[in-house]
Amino acid sequence: MLEGEFKHTTYDRLTRTNAVLLLVDHQVGLVAGSRYPEPQDLRKNVVGLARASKILGLPIVVTTTMSDGMFGPLFPELADLLKDQEIIDRTKVNPFDEPRIPTSIKKIGKSKVIIAGVNTAVCTCFPAISAVNAGYSAYAAIDASGAFDETERQTAITRMNQAGVIVADYNAIVVEMLENNADPLAAQVYAAIGQSHFVSMRDIYNTIMTSKIVPPVRGTQ
C-alpha cells in the first residue's frame with residue numbers, strides 16, 4: 001500500500017439472520033462492582049439486548065460461572081426472560097475454553113457472534129477475541145458489559161480493537177439488525193431497548209401527515 005492510501009473495508013452488515021448472541025456471566029454476585037455502566041444500568045441494558053434479540057429471532061447462548069457458588073444465579077429479570085433457555089454453567093474463565101459453548105455456537109451456524117459479559121476485560125474481551133480466532137466476526141456490546149473503572153474499560157476496548165473485534169453500544173447493534181423502521185416488529189424492538197418514543201414520534205408524524213387539510217386549488221371556490 002502506498003503512503004497516504006487508506007484501506008477501505010466492506011460494510012458487512014450485522015443482521016438478524018447472520019448473528020448469534022452470547023451472554024456471559026450476568027450474575028448477581030458479579031455485578032455490584034461495575035461502574036461503567038453502573039449496576040442498575042448494566043442490568044437494564046443486557047435485559048434490553050436479550051429481549052430485543054428474542055423479538056428479532058436471534059439464537060442466544062447463555063453461560064454462567066459456578067452459579068451454585070459465590071457468583072450466584074443470573075439477574076432475576078434476565079433469568080425470567082430466558083427461562084426456556086439452556087444455561088451452560090462452567091468453571092473455565094474464557095467461555096470458549098468450555099467445549100459446550102463453541103460447539104453450541106458452531107451448531108447454530110451463524111457467521112457473527114454478539115458478545116456481552118458482566119465484566120468487559122474478561123467476560124467480553126476473552127470470548128470476543130477467541131471468536132475472531134475461530135473465524136467469526138465478533139461484536140462486543142460494550143454497554144451491556146461492565147467494568148470496574150475507566151482504565152479497565154479502555155484497555156479492554158483497545159485490546160479488542162487490535163484483535164479485530166467490533167465494539168458498539170447495544171442500541172446500535174439492535175437497530176442495525178432491525179434494519180427497517182417499517183418492520184412490524186419495530187415498536188416491540190424499540191420498546192425493548194427503551195426507545196419507544198421513536199415509535200411515538202413516528203406515529204405522531206403519520207397522524208399529522210394523514211390528517212393535514214389540503215388547501216383548495218385557487219379558482220375552485
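Since the structure is predicted, the reported quantities are computational estimates derived from the model, not experimental observations.
- Pairing each heavy atom of Ser34 with each of Pro39, the nearest pair is O-CD, 3.1 Å.
- No salt bridge links Arg90 with Asp97; every basic N to acidic carboxylate O contact stays at or beyond 4.0 Å.
- A donor and an acceptor atom, one from each side chain of Asp143 and Tyr36, are nowhere located under 3.5 Å apart.
- The neighbour count for Arg159 CZ, taken as heavy atoms of other residues, nucleotides or ligands under 6.0 Å away, does not exceed 12.
- With rounding to the nearest 0.5 Å, the separation of NZ in Lys92 from CD1 in Ile101 is 11.5 Å.
- The closest side-chain heavy-atom distance from Leu178 to Asp183 is below 4.5 Å.
- Within the 4.5 Å cutoff, the side chain of Ile88 has heavy atoms near those of the Ser104 side chain.
- Side-chain contact check for Val61 versus Ile108: some heavy-atom pair is nearer than 4.5 Å.
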Side-chain donor-acceptor pairs of residues 69-78 under 3.5 Å, sequence neighbours excluded:
| unit_1 | atom_1 | unit_2 | atom_2 | d |
| --- | --- | --- | --- | --- |
| Glu77 | OE1 | Arg43 | NH2 | 3.0 |
| Glu77 | OE2 | Arg43 | NE | 3.0 |

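- Taken to the nearest 0.5 Å, the CD1 atom of Ile105 stands 5.0 Å off from the CG atom of Leu22.
- Nearest approach of Tyr136 to Lys106, heavy atoms of both residues: OH-CA, 3.4 Å.
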For this session: Please assess Lys54 against Leu81 for the test side chain to side chain contact (heavy atoms under 4.5 Å, CB included), listing each intermediate value before the final yes or no.
Result: CA-CA 9 Å; Lys54 288 194 70 173; Leu81 180 65; 4.1 Å; yes

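- A heavy-atom distance below 4.5 Å is found between the side chains of Thr91 and Met66.
- For the pair Ile193 and Leu49, the minimum side-chain heavy-atom distance is 4.5 Å or more.
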